[in-house]
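Below is one structure; the comments refer to it alone.
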Number of protein chains: 2
Amino acid sequence: MANRYREHVQVDVHEQVADRLGGAGQRYTAARRALVDRLRDAGQPMTLPELLDGAALAQSSAYRNLALLEQVGAVHRIVTSADHARYELAEDLTEHHHHLICTSCGHVEDFTVSPALERRLHEAVEEVQGGTGFSAAHHRLDLIGTCRACG
Amino acid sequence: MANRYREHVQVDVHEQVADRLGGAGQRYTAARRALVDRLRDAGQPMTLPELLDGAALAQSSAYRNLALLEQVGAVHRIVTSADHARYELAEDLTEHHHHLICTSCGHVEDFTVSPALERRLHEAVEEVQGGTGFSAAHHRLDLIGTCRACG
DNA sequence: CTTCCTGCAAAAGTTTTGCATTAAC
DNA sequence: GTTAATGCAAAACTTTTGCAGGAAG
């Protein structure tokens, strides 16, 4: 089970997003709410075509809204080698996690690691920062391979 | 120092690449050798414009050669949020390492972590594989933030 | 009634592909 | 001689942008 460490701290996602948009002088429109709902319901990073499928929203609006949501820290954009980028809710609206990336079908799945390893990672990050002058906003641990369906 | 754990096991890169190309019925031309030389000399992942700068090679040939080199496992392509993808020699021609990715200028720098942490990472990978049916070819640990020059 | 949002269409920009020519084995 | 590699130009494709009309506060 990849999610055994998941804590399920539930925050009010919509309220959070509305706040962050409001702080930037932007509105939480129905289209934006729908995007957030889809992202939350999916529980997995989604491509733009997936987000758009069956939704009454222009492609350009979707891109614009997702870019805005990323700017205000509500959404995170993941680029892989696959055709489309993928979008997910920001970690502080869900929780810290990592990705299994299938090189065959492009599918991205979440997983979490033990708090102990996460702590070690964090220590390593600190260590590297000290030595290089690099200031890390966050880290990213991904597994690259093939998913069950493709394997 | 980010590279304190580096082992400097030197393999004959050109011989390795020639072998892998040969195995696929492809030739190790001067243009390909030049790309490999640049990648090795840089010691950092490079964009296509960087690789092409001052080189007598058509853009399309560069893309084609890099794609081929990636297919035969000699080169690794890294995609970030920046405009261009970056290319580096495959890890088995250099060594296992990780990346500091600057979100401001797009620069990518290498770093290594202690063998102990690397071992822990490997264990975590095994653990996740068992639980999910995902088959991981490799893992990726990146730090995302701002580099010394941009910070 | 001013500011932001949306849709459509066009543009931008990286990467890929077709095709004729040249080079490698 | 056959097969692969190159350069040029054009295409493909995701993502971005301009602009005019609509919606929201």
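Order of the sequence lines fixes the chain letters, A, B, ..., with proteins taken first and strands second; residue numbering starts at 1 for each chain. The figures that follow rest on heavy atoms only: side chains count, while hydrogens, waters and symmetry mates do not.
Nucleotides of DNA chain C that come within less than 4.0 Å of any heavy atom of chain A span, from the 5' end to the 3' end, C:dT3 to C:dA9.
Along DNA chain D, the nucleotide nearest to B:Gln26 and the one nearest to B:Ser60 differ in position, and the one closer to the 5' end is contacted by B:Gln26. Position along DNA chain C of the nearest nucleotide to B:Ser61 versus B:His84 favours B:His84 as the more 5'-ward residue.
Using modelled atom types, one side-chain atom of A:Thr103 and one backbone atom of A:Gly145 make a donor-acceptor pair closer than 3.5 Å. In terms of modelled atom types and a separation under 3.5 Å, the side chain of A:Glu91 and the main chain of A:His97 share a donor-acceptor contact. Side-chain atoms of B:Arg38 come within 3.5 Å of backbone N or O of B:Leu51 as a donor-acceptor pair.
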Checklist entry - Where along nucleotides 19-25 of chain D does protein come under 4.0 Å, by heavy atom, of base (B) or sugar-phosphate alone (S), with - for untouched nucleotides? => result B---BB-
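Counting to the nearest Å, the P atom of D:dT6 and the CG atom of B:Asn65 are 5 Å from each other. To the nearest angstrom, C1' of D:dT16 lies 13 Å from CG of A:Leu66.
Residues B:His14 and B:Asp37 meet the side-chain proximity criterion, which asks for heavy atoms closer than 4.5 Å. Looking at B:Val13 and B:Leu89, their side chains come closer than 4.5 Å, going by heavy atoms from C-beta outward.
Residue contacts for A:Ala67: at a heavy-atom cut-off of 4.0 Å it reaches no nucleic acid atom on any strand shown.
A:Tyr63 has a side-chain polar atom (N or O) that falls below the 4.0 Å cut-off from OP1 or OP2 of D:dT15.
Between B:His98 and A:His139, the side chains place no donor N or O within less than 3.5 Å of an acceptor N or O (distance only, hydrogens not considered). Donor-acceptor pairing under 3.5 Å is lacking for the side chains of A:Gln44 and A:His99.
For B:Arg20, the side chain to side chain donor-acceptor pair (under 3.5 Å) test picks out B:Gln16, B:Asp92, with sequence neighbours left out.
Using a 4.0 Å cut-off on heavy atoms, the residues of residues 46-59 of chain B that approach DNA chain D are B:Ala56, B:Leu57, B:Ala58, listed by number.
Within the structure, side-chain hydrogen bond (donor to acceptor under 3.5 Å, both in side chains) pairs that include any residue of residues 45-62 of chain A do not occur (at least two apart or interchain).
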Let me have the donor-acceptor pairs involving side chains of residues 76-84 of chain A, under 3.5 Å, with sequence neighbours excluded, atom names and distances please.
residue: A:His76; atom: ND1; partner: A:Glu88; partner atom: OE2; Å: 3.4
residue: A:Arg77; atom: NE; partner: A:Tyr87; partner atom: OH; Å: 3.4
residue: A:Thr80; atom: OG1; partner: A:Ala82; partner atom: N; Å: 3.1

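Considering B:Leu52, B:Thr29, B:Leu57 in turn, B:Leu57 is the only one that fulfils the side chain to side chain contact (heavy atoms under 4.5 Å, CB included) rule with B:Leu35.
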